[in-house]
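A note on names: the letters A, B, ... follow the listed sequences, proteins ahead of strands, and every chain is numbered from 1.
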Protein chains: 2
Amino acid sequence: MSTRIRSLPVIPTQPNVERCCASLQVSTLAADEAEVLARRFAALGDPVRLRLLSILATSGDGAVCACDLVEPVGKSQSTVSHHLKILREAGLVTSERRGTNIWYAAVPAALEVLRGALSPVE
Amino acid sequence: MSTRIRSLPVIPTQPNVERCCASLQVSTLAADEAEVLARRFAALGDPVRLRLLSILATSGDGAVCACDLVEPVGKSQSTVSHHLKILREAGLVTSERRGTNIWYAAVPAALEVLRGALSPVE
DNA sequence: CTCCTCTATTGACATCCATCGATATTGGGT
DNA sequence: ACCCAATATCGATGGATGTCAATAGAGGAG
């Protein structure tokens, strides 16, 4: 919650997202490709992170203040910060500082890459 | 490897797969939905399991003998069995006994459910 | 009935991970 | 300069997880 100033709900700059691997269902995954993909899927393998990502992805403004992410998931501030870090390192989320606050946004292209890995074609 | 008898490469019966959750990007995930989804994504969060799944999904015959899954991933037989169990419990894989051997197959509908959870629409 | 093969399970171990409280850091306001 | 709010980081801890060797169980072959 907090008394954040919903100043400009601008979407943080979206990073470039590289595809990394072909689809699981098209060609057999090499060991190093599997390593990269697994790391990304593992980032989705926690209910708290999934909820955080869902909140970000469904935010109409495209970005949400970190201060508004703690209460909805019911975990401590440090725990939420930890999960946001993992999501960020997996490339699923971007952050941008605005004054005291830090705004987070989902990276749709990263989700698209994971969808591609599960796709039956291409 | 082993001296398996490639008898009938029939695809094991595919189980019913329920969708469980709406897309991440459409409505905010409830805690219990996130729990279910996270368990499935976590099953993809290991490189050995991704490779096993990939081998199964790209198998022309639709099913692969467990005996042929050990060598390709370079882990012990018990470790491979462990990972196959996790994939099976996550509903991503089915198994069927044929004599001494057990044949595994991917469950495309389960991957489709996960794709749906990452989808920007619906 | 008795081997032998294939698969699953058990037990042990080391590592990773989620979580929290406490502390550091950063930036704004007065 | 000082204080306060917002985030990140640190340290500790309990629990989950990946891995293996060893063992158990299930089925065919003889």
Practice item. Compare side-chain N and O positions of A/Thr100 against OP1 and OP2 of D/dA6 and report whether any pair is under 4.0 Å apart. Key: no

Find out whether B/Gln14 and B/Pro108 are in side-chain contact, i.e. whether some heavy atom of one side chain is under 4.5 Å from a heavy atom of the other.
yes

Taking 4.0 Å as the cut-off, does a side-chain nitrogen or oxygen of A/Thr79 come that near to OP1 or OP2 on C/dC20?
yes

Checking C/dT7, D/dA6, C/dT19 against the side chain of A/Asn101 (C-beta onward), the nearest is D/dA6

Between the base of C/dG21 and the side chain of A/Ser76, is there a donor-acceptor distance below 3.5 Å?
no

From CD1 of A/Ile102 across to P of C/dT26 the rounded distance in Å is 11 Å

Checklist entry - Is B/His82 near enough to D/dG18 that one of its side-chain N or O atoms lies under 4.0 angstrom from OP1 or OP2? => result yes

Open item on the list: Tell me whether the side-chain N or O atoms of A/Gln77 pair up with the base of D/dA8 as donor and acceptor below 3.5 Å, since no angle test is needed here.
Closed with: yes

Which of D/dT7, D/dC20, C/dC20 is nearest the side chain of A/Lys75? It is C/dC20

request  = Taking A/Ser54 for its side chain and B/Ser27 for its backbone only, find out whether a donor-acceptor pair lies under 3.5 Å.
outcome  = yes

Check your understanding: What about A/Ser78: does its side chain form a donor-acceptor pair under 3.5 Å with the base of D/dA8?
Key -> no

| query | Side-chain N or O of A/Tyr104 less than 4.0 angstrom from OP1 or OP2 on D/dA6? | reply | no

Taking A/Ile86 as the starting point, is it possible to reach B/Leu37 by hopping between hydrophobic residues whose side chains are less than 4.5 Å apart?
no

